[in-house]
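Report on one structure; see the data block that follows.
Since we're looking at a predicted model, the values are computed, not measured. Reckoned from all heavy atoms, side chains included, excluding hydrogens, waters and symmetry mates.
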Amino acid sequence: MSMSYVPEFGLHFPHTYVTPKKNGDGEYEDPKKGLVNKCMTACAGWVNEYNQCVQRVQTRTDGKGTCIWQYEELGMCVDHCVAHDIFSYVK
């Protein structure tokens with residue numbers, strides 16, 4: 001069984017385009033920075049887990065322990081959230 005040929009495959013673009021903003025120096029602002037701030041609220045569970053891990057590690061007296069896995073999970077959550085909106089900034 002073969003799939004039908006669809007010539008429009010891959011030609012679907014976002015319906016909205018957000019015009020880039022300029023800062024006071026006349027340079028364009030990075031849209032990801034604003035999206036990351038918005039996504040930190042969506043990833044509040046991972047932020048809390050990371051902060052709890054940091055507190056646990058800081059209270060240890062032997063100097064061992066790391067929160068790298070919680071930090072990576074937080075980063076993946078933020079990246080996943082940003083990926084939904086970042087392409088509306090690309091023309």
Side-chain angles (χ1 to χ4, degrees):
M1 173 189 246
S2 64
M3 302 298 286
S4 62
Y5 177 71
V6 180
E8 292 97 22
F9 179 75
L11 297 178
H12 299 286
F13 298 105
H15 297 289
T16 60
Y17 173 68
V18 180
T19 56
K21 297 178 183 176
K22 291 187 178 184
N23 59 13
D25 297 335
E27 295 186 12
Y28 291 106
E29 293 181 4
D30 185 10
K32 185 179 177 187
K33 290 181 182 178
L35 293 174
V36 166
N37 292 335
K38 181 188 86 167
C39 288
M40 289 301 271
T41 58
C43 299
W46 288 112
V47 172
N48 291 336
E49 187 171 333
Y50 175 70
N51 289 334
Q52 290 172 357
C53 178
V54 169
Q55 290 175 353
R56 282 193 309 268
V57 169
Q58 288 176 347
T59 58
R60 292 182 68 155
T61 57
D62 60 357
K64 295 182 180 178
T66 180
C67 297
I68 191 70
W69 302 114
Q70 288 83 358
Y71 183 76
E72 287 181 2
E73 290 290 337
L74 174 61
M76 285 192 295
C77 179
V78 170
D79 287 344
H80 181 75
C81 177
V82 167
H84 290 289
D85 296 330
I86 194 71
F87 288 104
S88 62
Y89 292 88
V90 178
K91 194 168 187 181

Practice problem: Not counting sequence neighbours, which residues clear side chain to side chain contact (heavy atoms under 4.5 Å, CB included) with Val47? List them please. | Solution: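 Applying side chain to side chain contact (heavy atoms under 4.5 Å, CB included) to Val47 gives Met40, Asn51, Leu74.
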Quiz prompt | SG on Cys43 to CE on Met76, rounded to 0.5 Å | solution =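 If I round to the nearest 0.5 Å, the distance is 10.5 Å.
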Self-check item: Pairwise distance CD1(Ile86) to CG(Asp79) - rounded to 0.5 angstrom
Solution: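 Reported to 0.5 Å precision, the distance equals 10.5 Å.
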Quiz prompt | Within one Ile-Leu-Val-Met-Phe-Trp-Tyr cluster: Val54 and Trp46, side-chain cutoff 4.5 Å | solution =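 Not linked; separate clusters.
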Quiz item: Are the side chain of Asp25 and the backbone N or O of Glu27 linked by a donor-acceptor pair below 3.5 Å?
Solution: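 No: the side chain of Asp25 does not pair with the backbone of Glu27.
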Would you give me the side-chain donor-acceptor pairs under 3.5 Å for residues 58-72, sequence neighbours excluded?
{"from": "Thr59", "atom 1": "OG1", "to": "Gln55", "atom 2": "O", "distance (Å)": "3.3"}
{"from": "Thr59", "atom 1": "OG1", "to": "Arg56", "atom 2": "O", "distance (Å)": "2.8"}
{"from": "Arg60", "atom 1": "NE", "to": "Asp62", "atom 2": "OD1", "distance (Å)": "3.2"}
{"from": "Arg60", "atom 1": "NE", "to": "Lys64", "atom 2": "O", "distance (Å)": "3.4"}
{"from": "Arg60", "atom 1": "NH2", "to": "Asp62", "atom 2": "OD2", "distance (Å)": "2.9"}
{"from": "Asp62", "atom 1": "OD1", "to": "Lys64", "atom 2": "N", "distance (Å)": "3.2"}
{"from": "Thr66", "atom 1": "OG1", "to": "Ile68", "atom 2": "N", "distance (Å)": "3.4"}

Exercise. Apply side chain to side chain donor-acceptor pair (under 3.5 Å) to Lys38 and list each qualifying residue two or more places apart in sequence or on a separate chain.
Key: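 Partners of Lys38 under the side chain to side chain donor-acceptor pair (under 3.5 Å) test: Asp85.
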Exercise. Evaluate disulfide bond (SG atoms under 2.5 Å apart) for Cys77 paired with Cys39, printing each intermediate quantity in order.
Key: CA-CA 8 Å; Cys77 179; Cys39 288; over 6 Å; no
